[in-house]
Amino acid sequence: MSERFDAVDVIVAKRDGHRLSDAQIDWVVDAYTRGVVADEQMSALAMAILLNGMTREEIARWTAAMIASGERLDFSRLGRPTADKHSTGGVGDKITLPLAPLVAVFGVAVPQLSGRGLGHTGGTLDKLESIPGWRAALTNDEMMAQLGGVGAVICAAGSGLAPADRKLYALRDVTGTVEAIPLIASSIMSKKIAEGTGALVLDVKVGTGAFMKDEGRARELAETMVALGTDAGVTTVALLTDMDTPLGLTAGNALEVRESVEVLAGGGPADVVELTVALAREMLAAAGVAGDPAAALADGRAMDAWRAMIRAQGGDPDAPLPVARHTQEVRAAATGVLAEVDAMAVGVAAWRLGAGRARKEDPVQAGAGVELFAKPGERVVAGQLLARLHTDTPDRFARATEALAGTFVVRDEAPAPRPLVLGRIA
Ligand code: URA
């Protein structure tokens with residue numbers, strides 16, 4: 001078959017700072033998915049996009065081309081509104097776990113197609129797989145049936161959604177081109193639009209433990225994604241939220257499930273509760289449904305939905321969670337106020353303890369991770385327990401402890417409190 005364009009011409013156009021035409025974009029995404037455009041050519045194009053950017057129109061067309069590379073789900077026969085949440089990834093970010101059942105309490109179907117962790121941020125599926133019996137892989141029919149019954153499902157995104165993104169994301173990962181805003185925005189939004197949700201709330205993380213360290217770039221990413229969603233007919237809202245310090249007191253798979261269950265039981269760390277409720281309010285508003293999520297967390301309705309959701313996927317919500325075989329403690333070096341607990345350092349430590357993976361084929365340890373005992377702003381005394389490290393493989397302690405060097409900063413003065421929600425884009 002003769003091709004409409006030559007890959008080199010498309011690369012050169014973007015290299016020289018030109019706008020790509022709709023036809024060029026449609027062709028290059030499709031030809032890459034078919035294997036006609038080679039990986040080295042797409043790498044060069046991705047780098048040219050990273051360096052020279054794309055207009056809003058180019059990003060929208062690129063996103064549409066990625067959606068067209070695969071199937072689209074249709075939840076319209078559920079007969080109820082749908083809402084989804086996507087986080088750009090952070091340390092201790094277990095919010096999806098309490099959030100999905102919480103929103104389902106109000107009759108909104110929550111199709112939460114999730115991924116596994118790579119690098120220092122944990123993956124939602126890895127966390128849930130620490131629950132004995134729980135199964136991430138569902139067919140589309142099983143997913144639909146669960147949404148019609150329980151109302152919430154957290155499962156693996158099937159390979160049929162935006163296959164162009166699957167291929168391109170793996171390539172970006174090894175070519176230094178993950179950070180391009182047009183590519184991140186189109187990657188996330190192509191999957192969410194193809195998934196067919198009616199409403200979408202984006203949690204765009206900002207800070208040391210996030211993709212976006214800088215608030216200006218996080219805002220640009222959020223604005224780009226909100227525009228893409230809105231133009232595709234998905235009611236889309238973004239919150240910019242702090243990721244300088246881990247969310248809650250745990251980073252690691254089973255540790256985070258335990259903390260999520262505490263939140264569903266009406267307790268848990270204040271920041272996890274605050275963000276869960278803030279995102280639930282946004283999801284309900286975007287879905288056009290009234291309700292008080294704080295009350296549903298406090299009175300056990302969200303817990304009932306969680307138990308039903310876990311059972312529906314083969315999990316036993318009452319089974320004891322796995323516990324790591326070895327622990328080591330970190331204690332305060334001085335008396336004062338805990339001024340900082342760096343999110344990236346805690347994420348890397350949890351990862352090195354075995355909670356995360358370096359390559360996508362690697363296994364994870366369900367019990368591994370970091371448990372914190374103090375948050376920034378709290379008074380601590382020298383010798384007080386600040387963190388407990390968990391792993392099945394004690395030779396990992398040395399490198400995890402190395403990652404945590406200088407992480408627990410104790411000062412005389414309390415730091416200025418930093419809000420958790422830094423901004424909202426709609
Ligand atoms: N998550 C995605 O799905 N894609 C990106 O490009 C970055 C984060």
Side-chain angles (χ1 to χ4, degrees), residues 29 32-33 39 42-43 45-51 53-54 58-60 62-67 69-70 73 84-91 93 95-96 111-126 136 154-197 200-207 209-214 217-229 232 234 236 238-241 243 343-344 347 356-357 360:
V29 172
Y32 178 58
T33 315
D39 276 349
M42 192 48 118
S43 314
L45 181 58
M47 186 59 83
I49 291 170
L50 182 138
L51 295 173
M54 275 180 150
E58 285 176 290
I59 301 172
W62 187 277
T63 306
M66 298 230 286
I67 294 169
S69 73
L73 301 183
D84 190 4
K85 186 264 317 189
H86 178 85
S87 157
T88 56
V91 177
D93 185 0
I95 301 293
T96 296
Q112 197 70 62
L113 303 189
S114 302
R116 291 176 198 284
L118 192 62
H120 74 283
T121 61
T124 298
L125 301 180
D126 295 324
I154 304 176
C155 64
S159 54
L161 285 185
D165 175 63
R166 192 169 288 256
K167 204 170 164 193
L168 180 56
Y169 190 77
L171 187 72
R172 287 166 55 213
D173 208 23
V174 293
T175 55
T177 51
V178 167
E179 285 79 3
I181 286 179
L183 297 179
I184 300 175
S186 55
S187 166
I188 292 173
M189 294 306 293
S190 62
K191 287 173 286 197
K192 292 296 166 187
I193 296 167
E195 171 200 288
T197 186
L200 176 65
V201 176
L202 298 160
D203 180 3
V204 179
K205 301 286 185 202
V206 191
F211 250 127
M212 299 284 153
K213 316 283 178 208
D214 167 80
R217 276 179 57 78
R219 187 170 288 276
E220 186 186 337
L221 174 63
E223 285 170 355
T224 308
M225 292 195 290
V226 168
L228 284 173
V234 180
T236 310
L239 296 185
L240 295 184
T241 71
M243 192 26 74
M344 182 59 129
R357 49 171 74 77
K360 65 181 190 319

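Just so you know, ligand 1 is whichever comes first in the structure, and atom 1 is the first atom listed for that ligand. Position 1 is the first residue of the sequence, and the numbers go up from there.
Asp93 and Ser87 are linked by a side-chain donor-acceptor pair at a separation below 3.5 angstrom, with hydrogens and angles left out of the test.
When all heavy atoms are compared, the tightest approach of Gly70 to Pro163 is CA-CD, 3.4 Å. Across every non-hydrogen atom of Leu168 and Met66, the tightest pair is CD2-SD, 4.3 Å.
Protein heavy atom nearest atom 8 (C) of ligand 1, with residue, atom name and distance: Phe211 CE1, 3.5 Å. Of all protein heavy atoms, the one closest to atom 3 (O) of ligand 1 is Lys191 NZ, 2.5 Å. Ranking the protein heavy atoms by distance from atom 5 (C) of ligand 1 puts Tyr169 CE1, 3.2 Å first.
Close approach to Ser187 involves these atoms of ligand 1, each under 4.0 Å from a residue heavy atom: 2 (C), 3 (O), 4 (N), 5 (C), 6 (O). Those atoms of ligand 1 with a heavy atom of Ile188 less than 4.0 angstrom away are 1 (N), 2 (C), 3 (O), 4 (N).
Applying the side-chain hydrogen bond (donor to acceptor under 3.5 Å, both in side chains) criterion to Asp39, with sequence neighbours excluded, gives Tyr32.
Using a cutoff of 4.0 Å between basic side-chain nitrogens and carboxylate oxygens, Lys192 and Glu195 are scored as salt-bridged.
Residue Arg172 places at least one N or O, backbone or side chain, under 3.5 Å from an N or O of ligand 1.
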